[in-house]
S.K.: 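Dumping the structure here so I can ask a few things about it.
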Amino acid sequence: MAGRSGWRALAPAGLLVLVLAGSVASAQAPREAEPNTRVPEGDRGHAAGAYPDRIATSPAQDAATGFAVAWRTDARVQAPRLQIAPADDSPDIGEGRPRVVEATTRPLDTRNGRAHQHRADVDGLQPGTLYAWRVEGHRTWSPWFHFRTAAADAAPLTLLYFGDTQNQNTSLVTRVVRESRRWAPDARLALFAGDLVSGGGAGMGADDDEWAEWFEAASGLPEDIATAPAVGNHEFHQAHEDTPQETRVLSPHWPLAFALPRNGAPGFEDTTYWFDYQGVRFVVLDGTSILDLDGGPAQARWLDHVLTGNPHRWSVVQIHQPLYALRFDRDYAPLREHLAPVLRKHHVDLVLQGHDHGYGRRPLDEDARAGTPQLVVSVVGAKQYRLGPQALATMAPIGEDTQLFQVLRFDGPVLRYEARTATGRLYDAFELHDDGDGGSKRLVETEEGRIAPRRCTREASLKGREDRCWE
Ligand SMILES: [Fe+2]
């Protein structure tokens, strides 16, 4: 008995020694960069199955009367159905007679085997109305989700904007998406500025696990909120690399993962589109094709045409690559050459961008009296760059080593913009005011409550790269 008591008395001290030894060991162990996905080598857990998954809603060209849904199943499912009815408090949705929309189906072969990607376009809806809908799998259905159509005319609109997610989506993007929804539970639209996944020329369909992780990170958002992504360079891969025939080829995932409006620039229909949402015209461009595939003239003409027909007070352009670089070793002169005259001509209010993994904001023209359009670069994911001297001298605020999201609120003549960090702290804020003269909106900075700009404090990333702060 005495012996047991003695062991009990010694045990806490012994444990303390072990704990201390453990913490010293972990502090001294060299740290290694984490892989891009959390999928174990050889795992096929993200193969398609009977249940509908990777479900995403996107706005129709007129978001007041329609939307479209993309989803995935295994290859047993061909032309599945979408059911929809006005949402009601009774669980008897549609009273047994929901409207049925038949999907179109295309196969997608990836490292996880063959999947069937489905797309259903729903039109003829009532504006400003809450609908319940679900999509079909193999002898099963998704949950019933809710989707509210946009108002017929201008009305207050809250949206979320995300820079590149790209890396370690499940591990580190999840928390940002979840934090964003705490700050904007009323958001009706989600913009993603491209490079949703890293892919990186790994081959056709090799990035399927990364797409699985993007949908895991965004879980609940693309089902509930109209999702409007721009294509990034990582949604292309290089073909004929290091030969005179080298070119970029669009990932087979891109045109299937989202059911985007099919109203794009001639020759770039899979990667450009526009839509109207409650008094705002949104135009989404393909910067990779402008920079690498001679798409500048065609996209600039199309942008001019789409903005010429804009009857609304507001216009927002989303493009992956920024007009002005954050990194010291990058420049995007063709974007400025082709797009800047059109942005000026139509008094575009905002250009939302990504690609250079940091934060930076500036007007298109340094001497712009009104301060518009405002150009923003932001990043969500794990890869973080170091900013170059040009960006540091011409942008404010700037940011490094910081995961961010944005909440935008359009309300009559005022747009309120907020950038928040992964923990919800206010990083940047401004307003644009419409003075009613038909010209550029007027910029009003909102300095109060912002935290100080964050800089990188590491010499190099864990992989030894001095141009990156983290990866
Ligand atoms: Fe990029």
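Positions are given from 1, in the same order as the sequence printed here. Just so you know, ligand 1 is whichever comes first in the structure, and atom 1 is the first atom listed for that ligand.
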S.K.: If we ignore angles and hydrogens, is there a donor and acceptor under 3.5 Å between the side chains of Thr288 and His320?
M.R.: no
S.K.: Protein N, O or S atoms less than 2.8 Å from the Fe ion (ligand 1), ignoring waters?
M.R.: Asp195 OD2, Asn233 OD1, His320 NE2, His355 ND1
S.K.: How close do Leu387 and Gly358 get, counting heavy atoms only, and between which atoms?
M.R.: CD1-CA, 4.3 Å
S.K.: Of the non-hydrogen atoms in Pro261 and Pro59, which two are nearest, and what is the gap between them?
M.R.: CG-O, 3.3 Å
S.K.: Are Asn310 and Trp274 side-chain neighbours, meaning at least one heavy-atom pair lies under 4.5 Å?
M.R.: no
S.K.: Can you tell if the side chain of His46 reaches within under 4.5 Å of the side chain of Thr110, non-hydrogen atoms only?
M.R.: no
S.K.: State plainly whether the residues Asp208 and Arg72 are in salt-bridge range, i.e. N to O under 4.0 Å.
M.R.: yes
